[in-house]
Amino acid sequence: MDDLLLAPALLAAKFDFGTVREYLFRDIVIKAAWRTLYISAYAQIVGVAIGVVVAVPRHLRMPVLSQLASFYVWFFRGTPLLLQILFWFTALPLYAPDDFGWWIFQFKHDWLLLSPFQAALVALAVNEGAYMAEIVRAGIESIESGQMDAAKSLGMRNLQAMRLVILPQAFRVIVPPTGNEFNAMLKNSSLASVIAFNELLFTSRGVYARNYQVLELLVVASFWYLVFTTVWTVIQDEIECRMRPEMRRAGLLTRLRNGLTPPSRLIGGDTGGGR
Amino acid sequence: MVSIQGVYKRFGRLEVLKGVTFDVGRGEVIVILGPSGSGKSTLLRLVGHLDRLDSGRIYVDGRLVGYVEGGGKLRESSDRVASRARADVGMVFQRFNLFPHLTALGNVTCAPVHVRSLSRRIAAERGKELLRMAGLGEKLDAYPSQLSGGQQQRVAIARALAMDPKVMLFDEATSALDPELVGEVLEVMKQLARGGMTMLVVTHEMGFAREVADRVMFMDDGVMVESNTPAEFFDHPQHDRTKSFLSKIL
């Protein structure tokens, strides 16, 4: 934008903690942080769904569908996310067909004109879907071929075997990298600021464009990004822990307690019982 | 019950089956012996329609496996038709292949519920009965990882039986087991044979072959070399290849 015009004002700038404190919990910042969280979670969930839908036909080598899926992954992993965001918001509406109607469906020429939120959501989700497709595929491929044999010998159809046998097992392999994807998504959502979606970064820039407190506002934004990624890391650890069979019953509290107990007591006391 | 007619199968350049032909009557127990790489397992996988055959035909209960016959030509059957055919053939694998994310009972009821559309209650009742027959009445809620190899294989047998198959195929069902666990699995298989199940058994257990089989067959290098009653087979083998195989293992 016009950040460069701010340069002269910065020459004698001093870092002002007051400004940080003032904006950290301001209504507009909290709302913007919420939008960042909201669009990231939304796009991630849609992305996971796309990933599964794209990975399965690729794995089963379904004709036509698997080629389409490969093309999709190739294209959206091969072009920059920023470019894709600009495409959905700016380029797509230019090529929308004129008004047309068919039976009960009526299309207006502006039906492809997406709001910044819609465009950002579509861009993030569709991009994420391409990455998730690769992650889901790796998960599916990690399952022994004997599982598919067993499922088929019981009369399951391809998609049934996927749903009932392969995907539930692949889930364990898929979850850790998906957690990392969401971590990246929280930060990539800031790219939506270029199409004026008022998430955290866009809002911070809007504020410092007015008060010239650039570093302070970037610190405010960083604070919220760090809160989100840190909390997510804890949640991710918890999920991964619960997936390990030996930890299945031990929740966060149990493990915190075990963590605080000296090891000597754990060895003798917790499991011994009879002594 | 099973009719195998001139079956050929190759993997790339390797010819694994070179024209295998035989019939299995209803309630008959056939044991197939042979050195590793002779094509025994491949033959079972073809009967269970897990792989496609290159030429020849396999019928199970009068129905062509894996192909649809029309106008003198064979067409590969669709996923839907093929899966229905597979449901009638029970298979037990060397590596058990239990579903690790389901309990013993879950393993047994999964296919009846989702493939045969049985209600969960009825499937569970039948599943419990089958597991009890396999001596696992106490282990209904155990996960495969909590079971011994022998127990896992017995769950796998119960799982296959839950689909009421017309034929049961055993692909070296005891080869991955510790020696002391082999007996319990063979016992369930014997019980099944006595109950009149049609069975095709690939195994290295000569005792089982002698005691349970109606016919013993010897396969080598993709062809069926010899087929006879157990007594004749073991005491008066006809072919040199059979003799040399038996001399190595007996």
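The chains referred to below are lettered A, B, ... by the order of the sequence lines, with proteins before strands, and numbering in each begins at 1.
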Notebook entry, point to check: Would Met148(A) and Leu50(B) satisfy side-chain contact (heavy atoms from CB on, under 4.5 Å), going step by step from the backbone distance to the final call?
Noted result: CA-CA 10 Å; Met148(A) 196 62 173; Leu50(B) 291 178; over 6 Å; no
Notebook entry, point to check: In terms of heavy-atom pairs under 4.5 Å, which option from Leu169(B), Val89(B), Asp79(B) contacts chain A the most?
Noted result: Asp79(B)
Note to self: Less than 4.5 Å to any heavy atom of chain A: does that hold for the side chain of Arg80(B), its backbone, both, or neither?
What the structure shows: both
Check: How about Arg26(B): does its CZ atom have over 12 heavy atoms from other parts shown lying under 6.0 Å from it?
Finding: no
Item checked: Ser153(A) vs Phe93(B) side-chain heavy atoms within contact, under 4.5 Å -> yes
Margin query: Tell me whether Lys139(B) at atom NZ has more than 12 heavy atoms from other residues, nucleotides or ligands lying less than 6.0 Å away.
Written below: no
Margin query: Minimum heavy-atom separation for Val115(B) and Gly155(A), please, with both atom names.
Written below: CG1-O, 3.6 Å
Check: So do the side chains of Phe99(B) and Leu154(A) get within less than 4.5 Å of each other, counting heavy atoms only?
Finding: yes
Next item on the list: Please flag which part of Leu98(B) lies under 4.5 Å from any non-hydrogen atom of chain A: side chain, backbone, both or neither.
Entry: backbone
Notebook entry, point to check: Where does Ala161(A) contact chain B at under 4.5 Å (heavy atoms): side chain, backbone, both or neither?
Noted result: neither
Notebook entry, point to check: Are side-chain heavy atoms of Gln169(A) and Pro100(B) found at a separation under 4.5 Å?
Noted result: yes
Next item on the list: May I ask you to check whether over 12 heavy atoms, not counting those of Phe22(B), lie within 6.0 Å of atom CZ?
Entry: yes
Next item on the list: Could you tell me which portion of Arg159(B) (side chain, backbone, both or neither) has an atom closer than 4.5 angstrom to a non-hydrogen atom of chain A?
Entry: both
Next item on the list: Count the heavy atoms belonging to other residues, nucleotides or ligands that lie under 6.0 Å from CZ of Phe11(B), then report whether that count exceeds 12.
Entry: yes
Note to self: Counting C-beta onward and ignoring hydrogens, is there a side-chain heavy-atom pair between Gln160(A) and His114(B) closer than 4.5 Å?
What the structure shows: yes
Next item on the list: Would you indicate whether Tyr8(B), at its atom OH, is surrounded by more than 12 heavy atoms from other residues, nucleotides or ligands within a distance under 6.0 Å?
Entry: no
Next item on the list: Determine whether Met91(B) and Lys152(A) make a side-chain contact, defined as any pair of heavy atoms from C-beta on separated by less than 4.5 Å.
Entry: no
Item checked: Spacing of CE belonging to Met156(A) relative to CE belonging to Met163(B), to within rounding of 0.5 Å -> 8.0 Å
Notebook entry, point to check: Any idea which of Arg45(B), Arg84(B), Arg95(B) has the most non-hydrogen atom pairs under 4.5 angstrom with chain A?
Noted result: Arg45(B)
